[in-house]
Every structure is written in C-alpha cells, then in structure tokens.
Number of protein chains: 2
Amino acid sequence: MLAAVFTVRPVDAPADRPEGHPALHVLLWQRAQAPDADRWALPGGPVLTDEDVDSSTRRQLAEKVDLTRVAHLEQTGVFSAPERVPGARVVASGFLGLVPQDPGRPAPRLPADTAWHPVDHLPATAFDHGGIVEQARQRLRGKLSYTNIGFALAPAEFTMAELSRIYTASLGHEVDVTNLYRILHRRRMLEPTGRTAPPGPSGGRPAAMYRFAVQRYRVTDPFAAFRPPI
Amino acid sequence: MLAAVFTVRPVDAPADRPEGHPALHVLLWQRAQAPDADRWALPGGPVLTDEDVDSSTRRQLAEKVDLTRVAHLEQTGVFSAPERVPGARVVASGFLGLVPQDPGRPAPRLPADTAWHPVDHLPATAFDHGGIVEQARQRLRGKLSYTNIGFALAPAEFTMAELSRIYTASLGHEVDVTNLYRILHRRRMLEPTGRTAPPGPSGGRPAAMYRFAVQRYRVTDPFAAFRPPI
DNA sequence: CCGGTTTTCGACCTACAATCGAAAACGTGG
DNA sequence: CCACGTTTTCGATTGTAGGTCGAAAACCGG
C-alpha cells in the first residue's frame, strides 16, 4: 500500500535558472529510522483487516496531504519480491495519485519530513520505491493519451498554453498547443468558461480559459484495432 | 493469488448444434468443502514467504494444468473487499493466464474436479471469482489490439481463417480476416512458414500457414495522441 | 473443362493526429 | 494613433492507420 502521488508545479528555482519551469513532482517523506534511514519513501502502510486497499491508501495519504486535493487514485500493480524490504516479507500494492494545481487556495502545508521532489531528479529512495514511482509514471503517461485524467492535474480553469505546459511536464516531451486543443475539443473534454486570461507583460492576444467538461475519470474510446462492427 | 487461465477451444457440442464452434474458456475447479461448496473457483492459494506473487501463481497453477502450456501470465489487479470471503480477511491479486491451442500434443488430462468452462456460460462461481474472470477478460480484450499476446492463444502454426476465429472468440465479435492480416502484417508480427493447409472437403484455395514472429510478450507502438516528436 | 468455394490482395474510404501558416487580438514605442 | 512585435486561435494540408468491398487466385468435384 504505497502511493506515488504526482503533481505539476514549478521546480524550486536553482541558481542557474531565472525561473522555475513546471515539472512533474512526487510526494516523498524522509525516513528517520533504520532500515534505510534518511532515504526518501512513498507514503503508505499496512492495510487494516476491515478496509480494502483503496480506502486504506486514502486513510494513509490523509496523514501527508490534504485528501480533498487528491483528484484521482488507482492501482498500478503488486510488488512482492521476497527481499524487497529487509526482515519479514511484505507485499505492497502500488498506487498512482494525482493532485491538481490550485492557484486559488494557498499551498497546503506539508509535515516537516515530507516534500515534493521532481521525478527527474529524485533523491536516494528507500527500498524499491523508485520502481513504484516509475511504474506509476508510465501509467500516467499512457492514460493521458486516451483518458481525461488531465483534469486531475490541471487547475479548475486554464488557458491552452498552461495546459500544454502541464502535459509537457507529465509526458516528458513537447506537446503542441494546436494539437492538444483539437484533440481534447473533438473528444468533448473541454468547455469554454467565457473568461479570458490577462495577456503577459509583453502583450499578445489574451488567451481564452477552459475547464474540463467532466471531472470524473473517463476513458475515451481508445483508437484500437479490431473494433466491434456497428 | 487467483488466476483466470483462458484458452480458445471448441465448446462441447450441444444437442442443437451440429459442431462445437471455438469459444473462450476459463479453467475452474469445483470446491468440495464449505464455504461455497460445489461452486466453481479459480486456481490459486496463499503466497509463501519466500516467493513473489508471480512465481507463487505458477506454482499453484502447476497443480491444475501443465505449466509449460501457460504461454502468458500477468497481474490484473488486487481484490481486497473485507467481506469478499467469509471469515478472516484475505487479499487476493488477480492474474490473467493464456494457454495456446496445440493440435499436435494430445489434450492434457485435468484433475477430476477441474474443467474448462465457456466464459459466456459460467456455472455458479465461488466468492468474487466471477469478477476476477471478468477483469481478466477485459484485460485480454484490450491487449489483443495493441500487443502480440495472440501468440499465447494461437497454435504454433495457423491459417488466417483459424486465427480470425481465435480473435473472434476472444473479443466477442466478428474479426475481418483481411483486416486482421493487414494489421498484423504491418506490425511485422507474422511470418509465413511456407506450408499450406489442405483445403476443406468442399474445395477452395489452400490457405497459407503463418506463425507469430516473436513468441514473447511485446506491446506494439500504441497509436496514441501526444506522441513524442521525432 | 466448368461452376462452386475459399483464400488472397489490391483499391477505396474514413478517421485521427501532426505540422504549418495565416489571421485575430492584444500590448508598446514612436 | 499607427506601425510593429507577441501570443493565441484556427483553418488547410499531409501522413498514417484501420474498415470495407470486390476482383483475382487456387483449389475441389463433376
């Protein structure tokens, strides 16, 4: 019961970068005790006998983040190598969680031992947690293309340029704004809010703002071979 | 640790049908003892402390089928509802297994309490095993379209008409032979063996025989939105 | 040799996505 | 207030994959 919770946020501006650009981050907490003391671990813990793994994950996550911010949560797989943790054998099921941006509310305060880390520059991770993060990331990458889980990473209202930056950070490569708009629009995943964002300091046409039409997980008809005949 | 093992084989010819047509079957064994006595269950059992869930599944499957026939095995999800089985809480991870047709070898003998059942006409199943079968079936349906797992259901050598019947039985709808050939061919998943199958009793052009080019699980580049730029 | 049957394969159409470029809608500086 | 740079928007074009159809190929039996 270990959850890789992702969000897209600006990386802490390093010295050589003028401004932090948005990147995919994962929530980790630093272990204080052996084994693997000082290494960074995923939130999680044992499942109680009167709960299923999904509600158990929610319960454990509540200790680390504001649960109302976790907009999506799903299983990714079971990790069961006998030596994955020292001592008694522990079977863990991995989860993918997503937290949207929320420019409206103040950033939630995290416990002292907990922090967001850019997935491309992870610190030393405990046990096999690095592999669990990687599996969850792959799942996210795949589902961005044929589901609407973008809603779980984007703020309630956004411009297409902002959404493109979110997709770029999550997928790890450039995402063309024109293409992004046309695809999401044809799938009826976007709704215009009517409002426009103020143009930047260097001018330019003000961008229209959109929201996701449905805020619950949906798979769009995947483009696949061997479709059933109509 | 419960495995839904599928194979495509002719359904036992009923009275009203002249010949059994190929259908997707799942391996079940009949429980002798309470709870859920006489109901049909998936093969499986507890994981030992020195094995991971994958090797545990293989070990347990060996008691029911010839393991060398299981050409593909993968996790599908975790089933953990507190009341899924009476008594102490048991968490099970579901598996999908595939057994190919093999006209060469004689049909393997099954234990007395074990039998193949057509997934469209399952008997009364134990606990939540019906849901596990359904989840595995969905996984199979999806992956047939963007991976090569067809190799794990088809015999070593086959004609396109035979392969189409296997896909039809697994997907639950007609699969056009022309389309099937062109798609698998473009993905370089097929190799001609040079041999031809003898034509049927009513004549017709003899069919060319093919084999799958790679006999290990591969995902073909899924056709998806937001591809990385070359 | 001729008609029936099954397989093979080319031709056409549609749907989706990637790319490009022009037009629209804003700022700023002369 | 008007030219210019900037950013967004959106139409046009191209490429590729899949679905459908039908003609040709290759066998049978009479």
Side-chain angles (χ1 to χ4, degrees), chain A residues 142 144-148 150 157-168 171 173-210 219-230, chain B residues 142 144-148 150 157-168 171 173-210 219-230:
Chain A
L144 274 177
S145 107
Y146 66 93
T147 72
N148 67 341
E157 227 170 298
F158 48 84
T159 70
M160 289 315 297
E162 288 164 6
L163 191 63
S164 164
R165 282 189 285 272
I166 293 175
Y167 273 66
T168 295
L171 291 173
H173 62 78
E174 289 299 314
V175 173
D176 182 74
V177 184
T178 292
N179 211 12
L180 181 65
Y181 170 76
R182 189 173 34 73
I183 292 174
L184 299 186
H185 185 259
R186 178 160 40 202
R187 295 178 178 174
R188 311 203 177 286
M189 284 165 59
L190 289 183
E191 274 178 358
T193 66
R195 273 192 293 278
T196 61
S202 60
R205 176 171 173 171
M209 307 209 64
Y210 298 89
V219 297
T220 70
D221 216 16
F223 192 71
F226 317 130
R227 295 288 205 74
I230 354 122
Chain B
L144 273 177
S145 107
Y146 66 93
T147 73
N148 67 344
E157 225 170 302
F158 48 82
T159 70
M160 290 314 296
E162 287 164 6
L163 190 63
S164 164
R165 283 190 285 272
I166 293 175
Y167 273 67
T168 296
L171 292 172
H173 62 78
E174 288 300 315
V175 173
D176 183 74
V177 183
T178 292
N179 210 13
L180 181 65
Y181 171 76
R182 188 169 38 75
I183 292 173
L184 298 187
H185 185 261
R186 178 160 39 203
R187 295 178 178 173
R188 312 204 177 283
M189 284 166 58
L190 290 183
E191 274 178 357
T193 66
R195 274 193 290 279
T196 61
S202 61
R205 177 172 173 169
M209 305 209 65
Y210 297 88
V219 301
T220 70
D221 216 17
F223 192 72
F226 317 130
R227 295 286 204 75
I230 358 122

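Below, chain A is the first sequence line, B the second, and so on; all start at residue 1. Atoms considered below: every heavy atom in the structure, side chains included; atoms not considered: hydrogens, waters and symmetry mates.
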**Study point:** Interatomic spacing from CG in N179(A) to CE in M160(A) - rounded to 0.5 Å
**Key:** 10.0 Å
Revision key, fill the gap. Readout for nucleotides 23-30 of chain D: B = base within 4.0 Å of protein heavy atom, S = sugar-phosphate only, - = neither; 5' to 3' it is --BBBS--
Check your understanding: Which ring-ring contact (aromatic ring centres under 6.0 Å, His included) pairs, counting each pair once, include a residue from residues 189-208 of chain B, with sequence neighbours left out?
Key -> none
Practice item. Quickly work out the H185(A) NE2 to dC10(D) C1' distance and round it to whole Å. Key: 11 Å
Review point. Which distance, rounded to the nearest 0.5 Å, do you find between the OG1 of T196(A) and the CZ of R205(A)?
Key: 10.5 Å
**Study point:** Rounded distance (Å) that lies between atom C1' of dT20(D) and atom CD of E174(B)
**Key:** 14 Å
Check your understanding: Would you say R187(B) reaches dG18(D)'s phosphate, i.e. side-chain N/O to OP1/OP2 under 4.0 Å?
Key -> yes
Study note, to complete from the structure: Nearest-nucleotide check on DNA chain C, V177(B) vs R186(A); residue mapping nearer the 5' end is V177(B)
Check your understanding: Under 3.5 Å, is there an N or O donor on one side and an acceptor on the other linking the side chain of R182(B) and the base of dG10(C)?
Key -> no
Exercise for review: May I ask you to evaluate whether R227(B) reaches the phosphate of dA17(C), defined as a side-chain N or O under 4.0 Å from OP1 or OP2?
Suggested key: no
**Study point:** Closest listed nucleotide, where the reference is the side chain of T178(A) and the choices are dC21(D), dC10(D), dA17(C)
**Key:** dC10(D)
Review point. Between Y167(A) and F226(B), what is the ring plane arrangement, given parallel below 30°, perpendicular above 60°, and tilted in between?
Key: perpendicular
Exercise for review: Quickly work out the H173(B) NE2 to dG19(D) P distance and round it to whole Å.
Suggested key: 9 Å
Check your understanding: Whole-Å distance between dC9(C) C1' and I183(B) CD1?
Key -> 15 Å
Review point. To the nearest angstrom, how far is L163(A) atom CG from dT9(D) atom C1'?
Key: 15 Å
Exercise for review: State which of dG19(D), dC9(C), dT20(D) makes the closest approach to the side chain of D176(B).
Suggested key: dT20(D)
Point to revise | T193(A): partners by side-chain hydrogen bond (donor to acceptor under 3.5 Å, both in side chains), with sequence neighbours left out | key: E157(A)
Exercise for review: Measure the distance from OH on Y146(B) to P on dG18(D) and round it to the nearest whole Å.
Suggested key: 15 Å
**Study point:** Residue closer to the 5' end of DNA chain C, T159(B) versus N179(A) (nearest nucleotide)
**Key:** T159(B)
Check your understanding: To the nearest Å, how far apart are Y181(A) OH and dA18(C) P?
Key -> 17 Å
Point to revise | Atom-pair distance (CG on L184(A); P on dA18(C)), nearest Å | key: 11 Å
Check your understanding: Going from OG1 on T147(A) to CZ on R187(A), what distance comes out if it is rounded to the nearest 0.5 angstrom?
Key -> 8.5 Å
Study note, to complete from the structure: Picking from dC16(C), dT8(C), dG19(D), the nucleotide nearest the side-chain atoms of M160(B) would be dT8(C)
Review point. Quick one: CG on L171(B) to CD1 on I166(B), what's the gap to the nearest 0.5 Å?
Key: 11.5 Å
